[in-house]
There are 2 protein chains.
Amino acid sequence: MATVSRALNGRENVASGVRARVIDAAKELRYVPHHAARSLSSRRTRTIGVVLPDLHGEFFSELMRGIDQVAREHDLYLLVSSYHGHPEEQGVALRAMRGRVDGLLVMSPFVESTPLADDFDDAHPVVLINTGLTGIGLGTLRVDNHGGARGMVQHLAARGFRRIAFVAGPEGNFDAAERLRGYREALAEFLPDADPIVLPGAFDESSGHRAGQAIIAMAERPDAVFCANDMTALGCLFAFHQAGLRVPDDIALAGFDDIPLARYVHPSLTTIAVDIAELGGLALRALIAGTPLDSAPIAPHLVVRESTQRDTPPAPHGERRDSS
Amino acid sequence: MATVSRALNGRENVASGVRARVIDAAKELRYVPHHAARSLSSRRTRTIGVVLPDLHGEFFSELMRGIDQVAREHDLYLLVSSYHGHPEEQGVALRAMRGRVDGLLVMSPFVESTPLADDFDDAHPVVLINTGLTGIGLGTLRVDNHGGARGMVQHLAARGFRRIAFVAGPEGNFDAAERLRGYREALAEFLPDADPIVLPGAFDESSGHRAGQAIIAMAERPDAVFCANDMTALGCLFAFHQAGLRVPDDIALAGFDDIPLARYVHPSLTTIAVDIAELGGLALRALIAGTPLDSAPIAPHLVVRESTQRDTPPAPHGERRDSS
DNA sequence: CTGAAAGCGCTAACAC
DNA sequence: GTGTTAGCGCTTTCAG
């Protein structure tokens with residue numbers, strides 16, 4: 001019986017003839033190892049828990065794709081769960097994973113950190129994706145939202161835009177806060193005479209639409225709008241279309257994320273791209289390796305498309321035309 | 001010890017005082033039931049395996065969202081895996097799930113049925129989403145692709161279009177085959193004098209782009225193009241844009257799926273919508289209930305947008321304007 | 001209503 | 001290299 005176990009698990013200390021017979025017999029009998037028994041005894045599940053804020057949208061499917069790919073490479077299983085935007089549900093999801101997984105991949109955009117720690121079992125390694133939390137002994141993988149936003153403002157300034165508005169993301173969202181910080185900082189640096197113009201938004205299309213309408217109604221209208229994410233920018237774009245405003249001739253527009261939509265809308269949207277699948281894959285690799293990786297955040301890059309194209313000559317560097 | 005088990009599992013035959021003490025103690029000790037031990041003994045895992053062709057794209061994230069929601073309602077866990085388009089990998093993914101899950105949700109767009117049966121453990125209930133397979137004792141949940149395609153042709157005919165081309169989906173894909181069948185059938189019914197015009201496609205943007213170019217080059221150009229899915233239609237649209245062809249004035253365009261993009265492109269795309277999250281949720285509910293549900297396929301509905309709008313009056317019935 | 005005892009199917013020492 | 005044995009932590013009879 002032990003020999004069978006060894007043969008099936010590919011251990012070295014089994015005579016090759018015996019191994020072959022075992023494998024044949026297993027196939028013959030359509031034997032399937034009982035996972036629960038195996039992990040009860042070995043105390044490992046070969047399963048990684050993935051807890052995400054939500055399961056819809058390109059962002060999350062890309063993330064899952066990257067994670068799934070690495071999981072297959074390592075013969076790991078993925079137990080997924082989403083908490084639908086509610087922090088409380090995150091705790092529920094997290095606790096439910098305890099005892100079922102060997103490690104946890106958690107994406108938590110909430111700035112509030114305290115409740116999280118309670119839900120983590122000390123026994124599990126955890127990698128946090130894209131979170132502001134640090135110092136609770138967990139790995140953290142994040143995107144340089146701040147630097148990305150700075151890059152966009154720099155691009156807009158180089159293109160000759162002078163009144164650059166920013167449509168913010170939801171309150172209490174770490175990514176949103178970082179992008180706003182990048183905007184303010186870069187504005188002070190590259191256009192010291194310009195006042196920041198910040199409108200509220202919520203990372204979705206409808207809030208972008210409202211922001212767009214508010215912008216149209218402004219006495220001194222901005223000549224460029226930088227939205228905290230692409231969905232918001234799409235809402236803006238829609239509002240501008242409705243009002244007969246031409247983009248980019250009357251007003252330039254830029255987003256953040258490079259969702260697939262960004263390249264298909266008319267005009268195509270200048271944005272900041274993150275390789276999301278790679279992000280997911282890196283997170284899982286880090287979890288497997290047990291590397292701390294608190295080091296450098298992942299640098300997103302500027303993708304210039306039609307929505308910020310004007311007749312002025314393009315800036316000499318720091319930009320990259322969309323290759324597609 | 002048995003009492004503790006009973007108390008924690010909410011069995012009735014425990015004195016309420018004892019139950020309260022057990023629960024308090026469990027909380028105090030941060031006790032987490034060991035899933036492997038539990039399922040070794042109970043022979044149930046409370047886990048559902050989800051095997052999808054691919055994890056990216058709106059379609060799959062919507063599907064997952066619907067599934068996840070129902071899973072939470074029933075306190076079920078989701079073990080997900082994708083086979084990246086290769087039928088062989090599907091078998092691997094399926095076999096890997098054996099012994100780890102109580103049931104399986106499988107999405108398989110391949111027409112070839114035979115290899116599938118081998119990979120299914122007879123012990124597990126399975127629900128197949130959107131597949132042509134029948135009669136191997138498994139539940140099947142499908143979308144009425146045929147009827148949807150018919151509806152679109154009817155709409156185009158009612159709008160006054162007479163030369164309606166169809167850009168097909170990949171060979172061997174069941175959905176694609178059904179949509180093509182619907183096109184041919186409806187064309188024969190509503191426009192008996194028109195010849196079918198079928199171009200190859202592969203459900204992606206680039207094949208749509210090629211089809212678009214081929215259409216532009218045709219001696220007798222169609223006045224409407226119906227694409228087997230929205231991504232293909234987007235490729236077509238791009239080709240038409242590049243050639244200076246106006247949609248819908250020079251040529252009408254329609255897709256299938258109603259991906260989020262469809263409403264944002266310019267002109268917005270007339271398409272056939274399926275509530276994908278609902279489809280996923282229904283599939284899981286069916287799996288849980290053990291209902292056969294081979295009955296009626298899910299009816300998709302027509303969403304009329306700008307890409308098929310002409311000055312002719314709209315048809316009196318069988319259509320529905322996009323409400324958003 | 002509660003306790004005792006027997007496994008669930010496997011892995012990991014440990015002998016041989 | 002292979003067989004024997006003892007659990008892994010729970011649920012589930014079966015007595016009381």
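Protein chains get the first letters and strands the later ones, always in sequence-line order, with residue 1 at the start of each.
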Figure out the [atom1]/[atom2] separation between [X] and [N], and round it to whole Å.
X	N	atom1	atom2	answer
B:Leu8	D:dT11	CG	C1'	12 Å
B:Leu29	D:dG9	CG	C1'	15 Å
B:Asn13	D:dT11	CG	C1'	13 Å

Gap between atom CD1 of A:Ile276 and atom CZ of A:Arg65 - 0.5 Å precision: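 Answer rounded to 0.5 Å: 10.0 Å.
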CD1/A:Ile23 to CG/A:Leu8 distance, rounded to the nearest 0.5 angstrom?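 Separation between the atoms: 6.5 Å.
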Using a 4.0 Å heavy-atom cut-off, write out nucleotides 9-16 of chain C from 5' to 3' as B (base contacted by protein), S (sugar-phosphate only) or - (no contact). BBBBB---
Any sub-3.5 Å donor-acceptor pair from A:Arg11's side-chain atoms to A:Ser5's backbone N or O?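 Judged by distance alone, no pair lies under 3.5 Å.
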Is A:Asp68 reaching over with its side chain to a backbone N or O of A:Met64, donor-acceptor style, under 3.5 angstrom?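 No; judged by distance alone, with no hydrogens or angles, the pair does not exist.
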Could you tell me whether the side chain of B:Arg46 reaches within less than 4.5 Å of the side chain of B:Asp75, counting heavy atoms only?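 Touching, per the 4.5 Å side-chain cut-off.
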